[in-house]
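Report on the following structure.
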Amino acid sequence: MAEVAVSYYSKLAECMTENGFLATFDVADMRMDVTVGDGKDADAERVEQECRSRAGERPTVAPWTEEELGDLYDQSVAAYECLLAEGYSPAVPPSFESFKAGYRSEGGEDPYIAHMSQVQFAAPFPDDVCPQPTIVP
């Protein structure tokens, strides 16, 4: 299944870049970053939708197990504590139940990501300061 996701997101990043929005896909972290200039959000959304249609069907991911979510939560709390020690102000981790709900899309909660600032979706804290939580299959 990982090969399908790598192929999909690699195609998506390539298409975004070809259409004026620098996009990179980090295979190791299974993470895509897109650079969008000021006032270009609507253009980026339009291009992303076009690129998604070209890349094909978005891969589905099996729901995370309780054990995987527990591990991710522990890593997230450790990342929060590390960021605090480094002088950053990450959002306080939610309870484990709220954390799970956010990752399972239950109750309309967003997933907790320690590396995001208090203002949701603002510029994230640097990845190289503290390890990003990840689930390794």
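Both backbone and side-chain heavy atoms feed into the values below; hydrogens, waters and symmetry mates do not.
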To check you understand the geometry: which heavy-atom pair defines the closest contact between Leu69 and Phe99, and what is its length? O-CE2, 3.6 Å
Applying side-chain contact (heavy atoms from CB on, under 4.5 Å), can you list everything that pairs with Glu50, at least two apart in sequence or on another chain? Arg46, Arg54
Which residue pairs satisfy the side chain to side chain donor-acceptor pair (under 3.5 Å) criterion with at least one member in residues 11-20, sequence neighbours excluded? none
Quick check against the 3.5 Å criterion: does Tyr112 have a side-chain atom that pairs as donor or acceptor with the backbone of Ser98? no
Under the side-chain contact (heavy atoms from CB on, under 4.5 Å) test, which residues partner Glu66, sequence neighbours left out? Phe96, Lys100, Arg104
Nearest heavy-atom neighbours spanning Cys51 and Met16: SG-N, 3.6 Å
Please table the atom pairs, donor to acceptor, closer than 3.5 Å between any side-chain atom in residues 74-85 and protein atoms at least two apart or in another chain.
residue	atom	partner	partner atom	Å
Gln75	OE1	Thr134	N	2.9
Gln75	NE2	Asp71	OD2	3.0
Gln75	NE2	Thr134	O	2.9
Ser76	OG	Leu72	O	2.8

Nearest heavy-atom neighbours spanning Phe21 and Val47: CE1-CG2, 3.8 Å
Non-neighbouring partners of Arg52 that pass side-chain contact (heavy atoms from CB on, under 4.5 Å), sequence neighbours left out: Tyr8, Leu12, Glu48, Gln49, Arg58
Going by the rule side chain to side chain donor-acceptor pair (under 3.5 Å), which residues pair with Ser53 if we only count those two or more places apart in sequence or in a different chain? none
